[in-house]
Structures are given as C-alpha cells and as structure tokens.
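Reviewing the structure listed below.
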Amino acid sequence: WHQKQKTTHTYLQNNIIKEFIFIREKAFQYKDNCHSKKQKTSFESEDTCFRFDFAKSKNIEFITMYGQTEASPRISYLDWMSAQRKVGSIGKSIPNVRMWLQAPNGEQVVSPGTEGEIIVAGANVSMGYSESSKDLILGDENQGLLRTGDLAKRDAEGYFYITGRLKRFAKIDGFRL
C-alpha cells in the first residue's frame with residue numbers, strides 16, 4: 001500500500017502497530033524469532049526487536065523516535081541501520097537539539113552507563129504553560145530547556161536508553177493524579 005500511495009512517513013503508536021500486524025498478518029507469529037535474543041532484556045527491547053523484524057520483513061526502514069509534547073514532539077531518533085545493534089535505545093538527539101543527562105546533584109553525567117535525567121535544549125522546546133491569555137506575554141519561561149523527568153543511561157557511542165521516571169503519575173480526563 002505505501003508504495004502505491006508513495007507514503008514516505010507514517011507515525012504509529014506501538015499498540016496500533018501490533019494491532020495492525022495481528023489483524024493483517026494472522027499467520028505472523030512473533031515469539032522467539034527475534035534476531036537478537038541475547039540482547040532482549042526488557043519489554044522495551046523485545047518491542048523494538050519486534051518492530052525491527054516486522055519492518056525488515058516488509059522492506060520498510062522503521063525509525064524509532066522519542067519525544068514529548070513540550071519538545072514539539074521529537075527529541076531523539078534511532079536510525080534504521082542502528083536499530084539492529086542498539087535494541088532498546090531511543091537513539092541520539094535530532095539535529096539542532098542538544099540532549100544530555102543530569103545527575104541528582106545538578107551536574108552533567110559524562111560517564112557512559114551512568115543514570116541521569118534526560119535534559120533537552122533547542123528551539124523546539126516549549127516556552128512554558130499558560131492558563132490564561134495573560135500568561136502568553138510571560139515569554140520563554142523554560143529558557144529553551146526541558147527537564148523530561150525520564151531517567152536514562154548513555155552508552156559509549158552516545159545512544160540513550162530509558163531506565164525509568166523520576167516521578168510516577170497518571171492523568172485522567174486531563175487531570176494529573
């Protein structure tokens with residue numbers, strides 16, 4: 001279909017991809033045929049491996065992306081060629097965005113394999129939140145920085161891997177609990 005329609009990009013959530021695959025490909029069974037069983041250590045890496053194998057079987061160059069609404073919404077990407085080697089990674093920052101890890105003491109994490117909060121800087125970062133039209137004149141309250149709240153580690157090649165969250169919360173009908 002994508003070749004006939006000349007589709008170049010499609011953005012899908014993981015659950016939509018899986019539903020599409022199992023509805024469309026009823027005979028397709030993904031259990032233990034992942035190309036990198038040795039690297040499968042979590043749901044995320046299994047999920048990444050699943051997407052990679054499916055995309056490869058359909059001759060699709062699947063690019064994993066990570067982001068938040070406050071960053072319009074992409075922050076990083078894992079290119080097609082690296083997906084096979086970097087299972088579970090969210091990749092590297094997109095062009096013109098700087099991404100680093102910050103330790104709880106506020107210092108930048110420089111050692112590979114050390115956990116810290118993902119901090120993002122770039123023109124894509126939102127200026128802040130407004131509750132009324134009066135708030136729109138406040139200017140860039142975030143000063144181009146986004147504290148994501150996501151914890152991650154970075155490997156020696158500069159690829160990021162999410163390890164958790166600083167705080168857990170749920171939103172129901174737009175209200176944070």
Side-chain angles (χ1 to χ4, degrees), residues 9 11-15 34-52 61-132 134-172 174-177:
H9 296 84
Y11 300 99
L12 299 171
Q13 294 177 333
N14 294 342
N15 60 333
C34 183
H35 68 280
S36 58
K37 290 180 193 173
K38 293 179 212 159
Q39 295 179 30
K40 288 194 329 185
T41 58
S42 69
F43 171 77
E44 284 297 320
S45 61
E46 182 176 312
D47 193 52
T48 300
C49 189
F50 173 81
R51 290 187 308 244
F52 178 83
E61 294 181 359
F62 190 85
I63 299 172
T64 300
M65 293 190 184
Y66 160 78
Q68 293 185 355
T69 301
E70 295 85 352
S72 302
R74 286 176 223 51
I75 295 171
S76 71
Y77 72 101
L78 180 63
D79 66 89
W80 169 252
M81 299 306 289
S82 299
Q84 196 170 336
R85 304 182 299 113
K86 301 293 182 176
V87 174
S89 174
I90 61 167
K92 296 181 176 186
S93 65
I94 62 172
N96 302 314
V97 169
R98 194 169 85 97
M99 184 167 81
W100 67 94
L101 300 177
Q102 187 174 27
N105 64 6
E107 292 183 20
Q108 184 173 339
V109 173
V110 292
S111 301
T114 304
E115 188 177 71
E117 180 184 8
I118 297 174
I119 309 294
V120 178
N124 63 322
V125 173
S126 73
M127 293 171 39
Y129 297 98
S130 63
E131 294 182 24
S132 72
K134 293 177 184 175
D135 293 339
L136 297 176
I137 62 170
L138 296 175
D140 188 358
E141 292 182 302
N142 292 336
Q143 299 177 354
L145 290 178
L146 173 61
R147 300 181 64 84
T148 66
D150 288 326
L151 297 173
K153 293 181 180 180
R154 186 181 33 68
D155 70 15
E157 294 179 67
Y159 288 84
F160 289 80
Y161 297 80
I162 293 191
T163 56
R165 290 274 308 154
L166 277 176
K167 300 174 188 171
R168 295 274 178 204
F169 62 87
K171 279 188 179 180
I172 297 178
F175 295 100
R176 190 182 284 200
L177 304 177

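A quick note: this is a predicted structure, and the numbers were derived from the prediction, not measured.
Among all heavy-atom pairs drawn from Leu78 and Ser89, the shortest one is CD2-O, 3.5 Å. In terms of heavy atoms, Ala156 sits closest to Pro112 at N-CB, 3.8 Å.
For the residue pair Tyr77 and Thr64, no side-chain donor N or O sits within less than 3.5 Å of a side-chain acceptor on the partner.
Counting only heavy atoms from C-beta outward, the side chains of Tyr66 and Ile118 approach each other to under 4.5 Å. Side-chain contact between Ser126 and Leu146 is absent, with no heavy-atom pair separated by less than 4.5 Å. Counting only heavy atoms from C-beta outward, the side chains of Leu151 and Leu166 approach each other to under 4.5 Å. By the 4.5 Å heavy-atom criterion applied to side chains, Tyr161 and Ile90 are not counted as neighbours. Val97 has its side chain within reach of Val120: a pair of non-hydrogen atoms, C-beta onward, lies under 4.5 Å apart.
No more than 12 heavy atoms of other residues, nucleotides or ligands shown are found within 6.0 angstrom of CD1 on Ile137. Residue-environment remark: CD (Glu107) stays at or below the threshold of 12 foreign heavy atoms within 6.0 Å.
The salt bridge (charged side-chain N to carboxylate O under 4.0 Å, His left out) test applied to Asp155 returns Lys86, not counting sequence neighbours. In terms of the side chain to side chain contact (heavy atoms under 4.5 Å, CB included) criterion, Asn96 has no residue partners (sequence neighbours excluded).
To the nearest 0.5 Å, the span separating CD on Gln108 from OG1 on Thr114 amounts to 12.0 Å. The CZ atom of Arg154 sits 13.0 Å away from atom OH of Tyr159, with the distance rounded to the nearest 0.5 Å. The CG atom of Leu145 lies 9.0 Å from the CD atom of Gln102; values are rounded to the nearest 0.5 Å. Separation of atoms CZ (Phe160) and OG (Ser76) is listed at 8.0 Å; rounding is to 0.5 Å. The distance from the CG atom of Asp79 to the CD1 atom of Ile63 is 7.0 Å, given to the nearest 0.5 Å.
Proximity of a side-chain donor or acceptor of Asn124 to a complementary backbone N or O of Ser72 within less than 3.5 Å is not detected.
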Go through it in stages, so that I can follow the logic: the residues are Ile75 and Met99, the test is side chain to side chain contact (heavy atoms under 4.5 Å, CB included), and I'd like the CA-CA distance, side-chain angles, deciding distance and then a yes or no. CA-CA 8 Å; Ile75 295 171; Met99 184 167 81; 3.4 Å; yes
Residues Ile119, Thr148; criterion side chain to side chain contact (heavy atoms under 4.5 Å, CB included); working and verdict: CA-CA 6 Å; Ile119 309 294; Thr148 66; over 6 Å; no
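Pairs of residues two or more places apart, or lying in two chains, that qualify as salt bridge (Lys or Arg N to Asp or Glu O under 4.0 Å) and include a residue from residues 140-153 are Glu117-Arg147, Asp150-Arg165.
Between Glu157 and Arg85 there is a salt bridge, with a side-chain nitrogen of the basic residue lying less than 4.0 Å from a carboxylate oxygen of the acidic one.
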